[in-house]
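Worksheet for the structure shown next.
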Amino acid sequence: MNKQFNIQNLIRENVKGLNPYSSARDEYVSDGSEMVFLDANENPYENGVNRYPDPQQRGLKSVLAEQKDISADNILLGNGSDEVLDLIFRTFCEPKIDNIISLPPTYGMYKVLSGINTVENREVLLTENFQPDVEAILNTVDEHSKLLFLCSPNNPTGNIFREDIMVNLLNKFNGLVVIDEAYIDFAESESWVSRLSEFPNLVVTQTLSKAYGMAGIRLGICMASKEIIAALNKIKPPYNVNELTQQKALERVLDVQSVKSEVSSILNEREQLLKVLREVSFVEKIYASDANFVLAKVDDANKRYSQVLAEGVVVRNRTTQPLCENTLRFTVGTPTENKKLIEVLNKLT
Ligand SMILES: Cc1ncc(COP(=O)(O)O)c(C=O)c1O
């Protein structure tokens, strides 16, 4: 990477000059002593949620910071990682001027967000092994390429990207490299969070929606240098993570044992599912997975999708994605759900 990497050169001009909205809860931070709060035009009658939530989610961040061995200043939380990804676009990409690089087949929101933010999405296909094509990526980049999205483990293919390839891209791409680790807790590889201090252009996103089993509360995590987090904080809506979410998330991240044991059951089930899928007559190829889903190539994805649906099982048809012709994506369910899936698959002709 360019030795003179300076994050200030990547931030949009209008964001650089912004003064974020200062909310009542930002201006007065309680030290725990009994105070009378007449500053935020709230209804004073207590019901558990009559007060605005902490805009900086200090309680939750301090636990996450300890668990991930970083500082709370390296963390920004959002209403799901989808909000975090949108904040990254809006902080760094100048509409109609800048561009981003995404690597299909991959998570669809990078493309959607580029459309919403009027930022060109330059697509560089993964190789046949579903790895980033470094040369093609570097040939596509220009001085307006602000973000490179690396989804690892990748959705929908399920695989982790090779470490040497990622390091190469982190070193050679002059914008921000956003590693989307939504599925990292199912993988054997370590998170890239441990390497934040090595790469000033690294941004890691995670979520409580997958391994943590909290998709309904919407809690996304962004981890990066203090400078990147400070820039994102400038445009973050003041109360983007609500009180109920903060409470539930805190309970869940503290319950390390339950999360571990659910992940381990899901991984066991994934192995069972892989085994039996190999015996299904119309399954032609099964891709190795580092996530909580399995991508499989079948004889005719549209036909098999409809047949499975008619039997009451909803899977994801990925046949329209590049390199994914005739593939279906199966999320790993409970043992009972997986049994049902296998029964359905085995009786289809
Ligand atoms: C790769 C990837 N990133 C992010 C998300 C969105 O996560 P969240 O629920 O935190 O918005 C998903 C959801 O499917 C995903 O597959």
Side-chain angles (χ1 to χ4, degrees), residues 57 60-61 64 68 75-90 100-114 116-117 121 123 126 130-132 147-161 166 176-187 189 191-193 202-224 232 236-237 240-242 244-246 248-249 252-253 259 263 266 270 287 289-295 314-318 321-324 327-333:
Q57 310 96 21
L60 182 53
K61 271 188 197 165
L64 288 171
K68 293 175 190 298
I75 305 178
L76 173 125
L77 301 179
N79 185 23
S81 43
D82 284 344
E83 184 191 37
V84 164
L85 296 171
D86 185 51
L87 288 173
I88 297 172
F89 265 88
R90 290 194 289 128
I100 64 127
I101 315 287
S102 67
L103 315 180
T106 193
Y107 181 48
M109 273 308 272
Y110 316 135
K111 184 175 188 170
V112 170
L113 287 170
S114 71
I116 291 171
N117 289 292
N121 175 33
E123 298 190 319
L126 294 175
F130 297 145
Q131 292 292 330
L147 309 172
L148 165 62
F149 287 96
L150 301 178
C151 185
S152 179
N154 187 40
N155 176 7
T157 58
N159 62 300
I160 278 271
F161 292 159
M166 310 272 262
L176 298 185
V177 176
V178 182
I179 305 185
D180 183 339
E181 292 190 335
Y183 300 97
I184 192 65
D185 303 288
F186 300 107
S189 332
S191 163
W192 283 82
V193 167
L202 170 60
V203 177
V204 179
T205 62
Q206 294 180 356
T207 175
L208 295 201
S209 297
K210 309 295 176 183
Y212 283 79
M214 300 253 121
I217 68 169
R218 314 301 300 129
L219 197 282
I221 308 169
C222 176
M223 291 161 284
L232 294 169
K236 174 188 91 61
N240 63 330
V241 180
N242 72 69
L244 299 176
T245 294
Q246 292 190 39
K248 274 277 185 192
R252 187 62 167 164
V253 296
V259 176
V263 167
I266 291 168
R270 184 180 75 192
Y287 296 91
S289 171
D290 296 296
N292 65 333
F293 55 84
V294 173
L295 188 74
V314 189
V315 299
R316 200 90 203 264
N317 184 354
R318 297 284 78 189
Q321 300 290 302
L323 308 178
C324 290
T327 58
L328 296 177
R329 193 190 68 193
F330 304 99
T331 306
V332 179

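For ligands, and for the atoms within them, numbers begin at 1 and follow the listed sequence.
In Cys151, the part holding a heavy atom less than 4.0 Å from any atom of ligand 1 is the side chain. Residue-level proximity to ligand 1 for Lys210 is carried by the side chain, the only part with a heavy atom below 4.0 angstrom. Looking at Arg218 against ligand 1, only its side chain comes within 4.0 Å, counting heavy atoms. Proximity of Asp180 to ligand 1, defined as any heavy-atom pair under 4.0 Å, is confined to the side chain (atoms from C-beta onward).
Taking every heavy atom of Ala182 and a limit of under 4.0 angstrom, the matching atoms of ligand 1 come to 1 (C), 2 (C), 3 (N). Listed by number with element, the atoms of ligand 1 under 4.0 Å from a non-hydrogen atom of Asn155 are 16 (O). Taking a cut-off of under 4.0 Å to the non-hydrogen atoms of Tyr183, the atoms of ligand 1 that pass are 1 (C), 14 (O), 15 (C), 16 (O).
Across all their heavy atoms, Pro132 and Leu150 have their closest contact at CG-CD2, 4.3 Å.
Atom NZ of Lys210 and atom CD1 of Ile266 lie 11.0 Å apart (nearest 0.5 Å).
The residue among Ser209, Gly80, Gly216, Ser81 with a heavy atom at the shortest distance from atom 7 (O) of ligand 1 is Ser81.
Counting only N and O atoms by type, the side chains of Asn155 and Arg329 include a donor and acceptor under 3.5 Å apart. Side-chain contact, Asp185 with Asn292: no donor N or O sits under 3.5 Å from an acceptor N or O.
Among protein heavy atoms, the minimum distance from atom 6 (C) of ligand 1 is reached at Tyr107 OH, 3.2 Å.
The aromatic rings of Phe130 and Tyr287 sit tilted relative to each other, their planes meeting at an angle between 30° and 60°. Ring orientation note: the planes of Tyr107 and Tyr110 are nearly perpendicular, at an angle over 60° on the 30°/60° scale.
In this structure, Gly220 has no heavy atom closer than 4.0 Å to ligand 1.
A centroid separation of less than 6.0 Å is found between the aromatic rings of Tyr183 and Phe293.
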